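Everything numeric here is computed off the predicted structure, so don't read it as measured data. Letters go in sequence order (proteins before strands), and every chain restarts at 1.
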There are 2 protein chains.
Amino acid sequence: MRHVISVLVENEFGALSRIAGLFSGRGFNIGSLCVAETAAPNLSEMTIVTRGSDEIIEQIIKQLRKLVPVRKVTDLTGTDFIDREMVLVKVKANTATRAEVLRIADIFRGKVVDVSPTSYTVELTGDEKKVDAIIELFKPIGVLELVRTGKVAISRTTKTARR
Amino acid sequence: MRHVISVLVENEFGALSRIAGLFSGRGFNIGSLCVAETAAPNLSEMTIVTRGSDEIIEQIIKQLRKLVPVRKVTDLTGTDFIDREMVLVKVKANTATRAEVLRIADIFRGKVVDVSPTSYTVELTGDEKKVDAIIELFKPIGVLELVRTGKVAISRTTKTARR
């Protein structure tokens, strides 16, 4: 089962390496991982997406909580949360394909953030399915380069917020 | 000096842990890191932001290139590239503050992606300065939760693209 795990961690040498090591040590591949600073100084927030048995994930989470720089671990799986990722994708854009690239970007509410005589670079945010869908549409036109952030997630505050 | 490094890597147990270990082993903190799948199966793209002396970064890059699952390492620092990150920020929104939260979100072209009786969750993309700026504006209103993806970067194709 897919798990989305948030880890609040002190900015400390080696924290990331040790956290990633807990997963790989049990044969778990990390599907995506984002780590960046929070509003609090010296604290970073990590969002990890992984796939594996619930029991082993539970063991990993217990071990994560024992690591000194780890302040808080939340397994968002099964809770009500919003997740989003961002992609930058550079697509071949010549006279024949330019209009189609723009049409697809528009439909997905993507933004063209860079233009060259031979390419457009499109920025898009959304859930994984939306990002996968735009990439699939761009593939036959020609994807020159692509970089995804991986998922970040935030809990919904109340059930009334669900729409 | 700040460095932005792209690493193309095979999806393999432990690759992330070893790569992060190369930085922490030399006392480098990773400012942000994103890793996610690419359009090619079995390959992930990693974007690492770190700060440190050019000589040591150069040594780390040489060592990165020797790691078996690493296919390609690019130090984007000093080249012409576009970088973007995304943030999800949950802000206190009561009758007194709601209009102001929306105004700020609008100015930064942020999107409200979740609403509760007491909060708005805003999604925003931009460079680091833009993301920092909106967070600073939201702080006096009340930031309840915040998660950033960290930077992803993509090269500009040609100089004519610079604007």
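Taking a 6.0 Å sphere around CZ of B/Arg98, one finds it holds more than 12 heavy atoms contributed by other residues, nucleotides or ligands.
Only the backbone of B/Ala153 comes within contact range of chain A, judged by heavy atoms closer than 4.5 Å. The contact between A/Lys139 and chain B is made entirely by side chain atoms (from C-beta outward), counting heavy-atom distances below 4.5 Å. Proximity to chain A involves both the backbone and the side chain of B/Leu33, based on heavy atoms less than 4.5 angstrom apart. For B/Glu136, no part sits under 4.5 Å from any heavy atom of chain A, backbone or side chain. Only the side chain of B/Lys111 has a heavy atom closer than 4.5 Å to any heavy atom of chain A. Contact annotation for A/Ile154: both backbone and side-chain heavy atoms come within less than 4.5 Å of a heavy atom of chain B.
Inspection of non-hydrogen atoms places B/Glu123, B/Thr125 of residues 123-134 of chain B under 4.5 Å from chain A. Heavy-atom neighbours of chain A within the stretch residues 22-29 of chain B, taken at a separation under 4.5 angstrom, comprise B/Ser24, B/Gly27, B/Phe28, B/Asn29. Interface residues of residues 56-70 of chain A toward chain B, defined by a heavy-atom distance below 4.5 Å: none. Taking 4.5 Å as the heavy-atom cut-off, the residues of residues 36-55 of chain B that approach chain A are B/Ala36, B/Glu37, B/Thr38, B/Ala39, B/Glu45, B/Thr47, ordered by number.
B/Phe108 and B/Val143 fall within a single hydrophobic cluster, where Ile, Leu, Val, Met, Phe, Trp and Tyr side chains are chained together by heavy-atom contacts under 4.5 Å. The hydrophobic clustering, which links ILVMFWY residues whose side-chain heavy atoms are closer than 4.5 Å, places B/Val113 and A/Phe81 apart. Hydrophobic clustering, with ILVMFWY side chains joined whenever heavy atoms are under 4.5 angstrom apart, keeps B/Val4 apart from B/Val152. Grouping the Ile, Leu, Val, Met, Phe, Trp and Tyr side chains by contacts below 4.5 angstrom, directly or via other members, places B/Met86 with A/Val147. Under a hydrophobic-cluster definition in which Ile, Leu, Val, Met, Phe, Trp and Tyr are linked whenever side-chain heavy atoms come within less than 4.5 Å, directly or via other members, A/Ile5 and B/Leu146 are assigned to different clusters.
Heavy-atom pairs under 4.5 Å with chain B were tallied for A/Ser32, A/Ser6, A/Gly150; the largest tally goes to A/Ser32.
B/Thr121 contributes atom OG1, which lies 4.5 Å from atom CD1 of A/Ile82 (distance to the nearest 0.5 angstrom). Summarising the geometry, atom CG belonging to B/Leu16 is positioned 5.0 Å from atom CG belonging to A/Leu16; distances are rounded to the nearest 0.5 Å.
Counting all heavy atoms, side chain and backbone alike, B/Arg156 lies closest to A/Asp114 at NH1-OD1, 2.6 Å.
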